[in-house]
Amino acid sequence: MKSKPLFQEHLKKYKGHYGIGAALLSISCLVQLIIPLLLGHFTDLIESMTVTKREIIGIACWIAGIGLLSAFFRSISRIYLFRLARLLEMQVRRKLFMKWESLSAEYFNRQRIGDLMSHAVNDLNIMRDVGMTGVFAAIEAAVLIAVAIFAMAGSVHVGLTLIVLLPLPALTYLAYRFRTRIQDRTTMVQEAIGGLTSRVQEFCAGIRVVKAYAQERAEMKKFQEENARNVETNRLLIEANSSFSALSQAIVGLSYLLSVVFGGLLVMKGGISLGQFVAFNTYLTMLISPVENLGKVINVFQRGKAVDERLRHVLDTAPEVADEEDTLPMEEIEGRIECRHLSFRYPDHKQHVLEDINLSVPPGGSLAIVGKVGSGKTTLVQLLLRLYNPPEGTIFIDGRDIRGIPLQRLRQSVGFVPQEHMLFSTTIGQNIAFDPQHYSGEQISEAAKIAQVHDNIVAFPRQFETALGERGVSLSGGQRQRVSIARAVIKKPSILVFDDSLSAVDTETEERILRNLKKMMKGRTTIITSHRLSAIRHADEIIVMDHGRIVERGNHASLMKEGGLYASIYEKQTMNRAMEG
Ligand SMILES: Nc1ncnc2c1ncn2[C@@H]1O[C@H](COP(=O)(O)OP(=O)(O)OP(=O)(O)O)[C@@H](O)[C@H]1O
């Protein structure tokens, strides 16, 4: 289902609050409109030479008092309406984040980080601007224009008012002409910001590679291109905005000119008094700013519309991996895994990366998946976590099709150690206890011991409280790997999946980790993919993959006896180790 325009929805939901804000602002505008009448009266008194010093002070005090009262209501309404705009920003950002959390890994593969950041930051700034500048100026313009015109016609001269208002409909035409141009250019600017953010993000993340390959110049060139695109798109937007502003000001200026010429003639003919002429022009001056602002308001709303569409495009993305409506709850997962004729290709790809995979792991059993680079090992374990959707009827856990297992239950029951060891910029302890469940310090420490990283952590002055990432310490590749192993084992999951997760530790540490795991994983299912065969030789079953197919299967002894691919890789690795040792 397509979502409704975000701003309109917000307006509808908080219509009462917007009503109060609009009422407060209207009071401020109405109070302000008394000032021209006082000025007109004052001018007539001066012209008639009948004014006393006391009256002058009295009128000045009234003008000051009314000005203050108007400013008071204006500032309250501003606080009120701006708070609503902040609320809109916060709610849309929350929606956006919740949507991202529901989307599959594939969605993020297809997106540039810069574009996502541009949605979360720049698009929402524009959205907030719609709520702040847009709504505030629109209400002010509507009230001031309506009431000032009424006052000009009612208290001064209908004919003069009509003449002066004659050019103003041209503003509507102008807004119509500029509408698409401003919207399109806003989209271009937001996309350019996304591109620039992506470039900076990629450069910072890949700084070591850039330096190692002396790619600074090439990177600078790419950055310059994005930077220039950003400047150019902004230039185009400013050009459209400025032309729109200049033309609307010219229209307003024409009104002013008509007022001076025809108003002056009327005063000379005695049609209106000098005081009325002054009041009329003061009203017109009051009108100029909101009418000019009206141009800005239209501009802000047009930019807001472009952003609203961009954001809704994200919010309307359907999650590829989600619970079906008829998904039944599931108590505990025991850990029996089965693949039946599993063939898989990535969304939007023609080629199958897994072909007719059949396997069965009993609860508490261990399965090792080995094979050449790109043979499909990671794909297979990601399907077991349902990071992608396998075809129905191909993967079963505890006898239930994985597509019918509640995602929350499935993911709570699997401890996954991925190839890339993503640690968050919190403390080491929080990185280990990264689970909805609460863990005690003792449990965190225990998990770190199993993962063989406890000694490293306690060597830091703040131990488990040590902050990681930005402005925190950096861990070595091996330490990061072991912290993410600790993160998986602390859950004591029914199924533990290691995707080539022991590659950055030496063989001795690897042995110790596996020994500890064996104790802890008694009765739980373990799946390990690895390039290093020494890490998996104790597994109950080993499958060897090549080009997405299982080409050999058995245990270490039977595979060695077979003398196939497994045996040849194992011998090569043993020889290499012997030569290195
Ligand atoms: N998100 C994706 N979209 C499309 N194709 C993908 C995606 N991820 C992997 N592939 C392709 O699927 C095939 C299997 O990749 P996979 O990562 O499963 O292999 P692997 O055996 O784990 O490799 P490695 O040992 O390098 O980790 C490769 O040809 C790869 O290019």
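Start at 1 and go down the list; that is how both ligands and their atoms are numbered.
- The existence of a salt bridge linking Lys449 and Glu446 is excluded, since no basic side-chain nitrogen approaches an acidic carboxylate oxygen closer than 4.0 Å.
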- With side-chain contact (heavy atoms from CB on, under 4.5 Å) as the test, would you mind laying out the steps for Asn125 and Glu89 before giving the verdict? CA-CA 8 Å; Asn125 282 348; Glu89 181 193 5; 4.1 Å; yes
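- Listed by chain and number, residues touching ligand 1 at under 4.0 Å (heavy atoms only) are Glu106, Asn109, Tyr346, His349, Val353, Lys372, Val373, Gly374, Ser375, Gly376, Lys377, Thr378, Thr379, Tyr388, Gln419, His531.
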- Message: Determine whether Cys339 and Leu380 satisfy the following criterion, side-chain contact (heavy atoms from CB on, under 4.5 Å), listing intermediate values before the conclusion.
- Response: CA-CA 10 Å; Cys339 291; Leu380 182 54; 4.3 Å; yes
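- Taking each heavy atom of Gln443 and His438 in turn, the nearest pair found is OE1-O, 4.3 Å.
- Thr379 and Tyr346 share a donor-acceptor pair across their side chains, judged by distance under 3.5 Å alone.
- Listed by chain and residue number, nothing satisfies the side-chain contact (heavy atoms from CB on, under 4.5 Å) test with His313 (two or more places apart in sequence, or in another chain).
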